[in-house]
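See below for the structure under consideration.
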Amino acid sequence: MKKHVYLLVLIFVLTLSVRLFFSFQSEYFADDGAYSHLRVIESIKENKEFVVYDPLSYGGRNIVKPQLFHGIMALLSFVPFYSKIIPELFISFIPILVYLIAAELTKDKTASLITAFMSSLIPIVFKVTLNQVSPYSLAIPTILLMVYSLVRINETKFLVLFVAMSFLLPWISPSSFLFMLSLLFYIVIIVSESMNISGLKKEAVTFSFFTMFLLNLVIFRKVLLQYGASSINQNIPQKVFEYYFSNFSLSESLFIIGLIPLALGIFGIYIGLHDNKNRDDVILLSSPIVAALVLLMLKMIDLSTGILFLGIFLTLTSALSIRKILNYFSVTKLSVHYPLFVALFVFLILLTGAFSSLYYYENDVEKYNIEDLNYLVENSDSNAVIISAFNEGNIVSYFSERKNFVDSDFLLAPNPVQRLNEAEIVYKTFSESKALEIMKRNKVKYILLSDNTKRTYDLDKILYVDDRSCFEHERESIYKIVC
């Protein structure tokens, strides 16, 4: 027993150490989204209240987002480098929770440890959470804790824990919508298959579903009234979906989930559905996979969230495949080499997982010309508006302390589709008069032309900025409108 505990602690420590190592390779965070959350955290820390209005996003707009994660981060801001350390600490609990769930599912400690180790190297988890300030770093462990509690729901302490987490999850992240839908799929499948589960589990799932549903109604009431069903996808415009989906191939999605978790996860579902003993729990773990696939096909969630859920829950179901493989090998003539086989299997997971994770992780912020944005803090009007690509708007506001024209926070944003279209026109048109009309109407004073902007709009330069009577090239990536 102690051996497995020591190994699990070792996996946790190694996971945290590796994540912190890569996180501290740069003073910046990995992408634009981190700076949206960081501004909320710093505002809560300074004003001692949750944020309902952002004066810089879209030139000033109301915001609606769960802010429990941001509040916790603000409370822990006394920790040195808290914005780097705390999110990595939260997400590093994934292997421990995966081990606990896998152990209940398989009753095999070795298979559970291997699954826990695999969960520390899921490429999509690295891409979405490494060197990030993201609610996912707390939401994903919370969801896994709820799944573990549901598996052991007949024990009073886990019933209390499951109920408590049902109240907290909606205040952490909108991903509670996806988990809520997963519970709905779970109940539908159980009822349609006429399966017998305990009345307590049915009541707990039903209570959790309606609790999260009502809390999300409270949190997003303004959003739901304004957008209806499109609130689920956070009002992400079709153009943005097309941008991300067009840059993502089927082969890439397989690699970013992880080839081994994908293959073993699918096989694990097959094994579990044909095993009456584990069928209930396998359906529970499969429901988030079904929910994520349905929402991805309908383009009702962003790509990274859908694949994140697929990667994590396919890794969980892979525990059944790993147990099957280990049990089969142990009864073959090669069973005397069982320790060597396990070691080679773990090495294969390490090799493929580490390669894929590090391949897909990149620190995009290094490409945003931060020094140019810092220049604007002291050398521009405090009410100036800066136009940029939508996927760098939060970086613009954070470092320049100036208003952005458009960013990736679309809920309750003023005319986000129109602004996306107008930003594209400004960057790609050859008509100076058309671009100036858009920028003057929206009081834009600066144009950002970073490497990211060029990549987003597939251009090398803005065609009309050579007109020195209207545009001044202030910094490498910044043009000032002077006419």
(request) Considering only NZ, NE, NH1 and NH2 on the basic side and carboxylate oxygens on the acidic side, decide whether Asp466 and Lys461 come within less than 4.0 Å. (result) yes

(message) Ring centroids only, cut at 6.0 angstrom: are Phe405 and Phe390 within range, meaning strictly under it?
(response) no

(request) Could you tell me whether Tyr464 and Phe471 have their ring centroids closer than 6.0 angstrom? (result) yes

(message) Under a 3.5 Å distance rule, please check whether Ser137 uses its side chain to pair with a backbone N or O of Ser134 as donor and acceptor.
(response) yes

(request) Give a yes-or-no answer on whether the side chains of Ser433 and Ser431 include a donor-acceptor pair shorter than 3.5 Å. (result) yes

(request) Check whether any side-chain N or O of Ser120 sits under 3.5 Å from a backbone N or O of Phe117 as a donor-acceptor pair, and report yes or no. (result) yes

(message) Looking at Leu56, is its backbone amide N or carbonyl O close enough to the side chain of Arg61 to form a donor-acceptor pair, meaning the two atoms are under 3.5 Å apart?
(response) no

(request) Determine, using ring centers only, whether Tyr446 and Tyr479 are less than 6.0 Å apart. (result) no

(request) Verify whether one side chain among Ser182 and Ser287 offers a donor that lies under 3.5 Å from an acceptor in the other. (result) no

(request) Considering only NZ, NE, NH1 and NH2 on the basic side and carboxylate oxygens on the acidic side, decide whether Glu472 and Arg468 come within less than 4.0 Å. (result) no

(message) Between Arg19 and Glu88, does any side-chain N to carboxylate O distance fall below 4.0 Å?
(response) yes

(request) Write down the atom of Met73, the atom of Ser83, and the distance for their closest heavy-atom approach. (result) CE-CA, 3.8 Å

(request) Work out which heavy atom in Ala389 is nearest to a heavy atom in Asn452; give both atom names and the distance. (result) CB-ND2, 4.1 Å

(message) Using 30° and 60° as the class boundaries, would you call the ring planes of Phe29 and Tyr35 parallel, tilted or perpendicular?
(response) perpendicular

(request) Would you check if the side chain of Ser23 reaches a backbone N or O of Leu20 as a donor-acceptor pair within less than 3.5 Å? (result) no

(request) Verify the ring-centre separation between Phe220 and Phe177: is it less than 6.0 angstrom? (result) yes

(message) A quick test of your reading: do over 12 heavy atoms of other residues, nucleotides or ligands sit less than 6.0 Å from CG of Asp381?
(response) yes

(message) Donor-acceptor check, side chain of Ser176 to backbone of Ser173, threshold 3.5 angstrom: yes or no?
(response) yes

(request) Could you tell me if the ring centre of Tyr28 sits under 6.0 Å from that of Phe399? (result) yes

(message) Side chains of Ser408 and Asp32: any donor to acceptor distance under 3.5 Å?
(response) yes

(message) When you compare the side chains of Asn394 and Ser397, does any donor N or O come within less than 3.5 Å of an acceptor on the partner?
(response) no

(request) Tell me, please, whether Phe50 has Lys65 positioned over its six-membered ring: NZ or CZ under 6.0 Å from the ring centre and within 45 degrees of its axis? (result) no

(request) Please work out which of the three classes, parallel, tilted or perpendicular, describes the rings of Phe210 and Phe213, given edges at 30° and 60°. (result) perpendicular

(message) Between Ser175 (side chain only) and Leu178 (backbone N and O only), is there a donor and an acceptor less than 3.5 Å apart?
(response) no

(request) Output, in order, the C-alpha distance, side-chain angles, deciding distance and verdict of side chain to side chain donor-acceptor pair (under 3.5 Å) for Ser477 and Asp372. (result) CA-CA 7 Å; Ser477 65; Asp372 289 359; 2.7 Å; yes

(message) Closer than 3.5 angstrom, by distance alone: can the side chain of Lys127 be matched with the main-chain N or O of Ile122 as a donor-acceptor pair?
(response) no

(message) Strictly below 4.0 Å, N to O, side chains only: are Asp54 and Arg39 in salt-bridge contact?
(response) yes

(request) Please report the closest heavy-atom contact between Pro416 and Tyr58, naming both atoms and the distance. (result) CB-OH, 4.0 Å

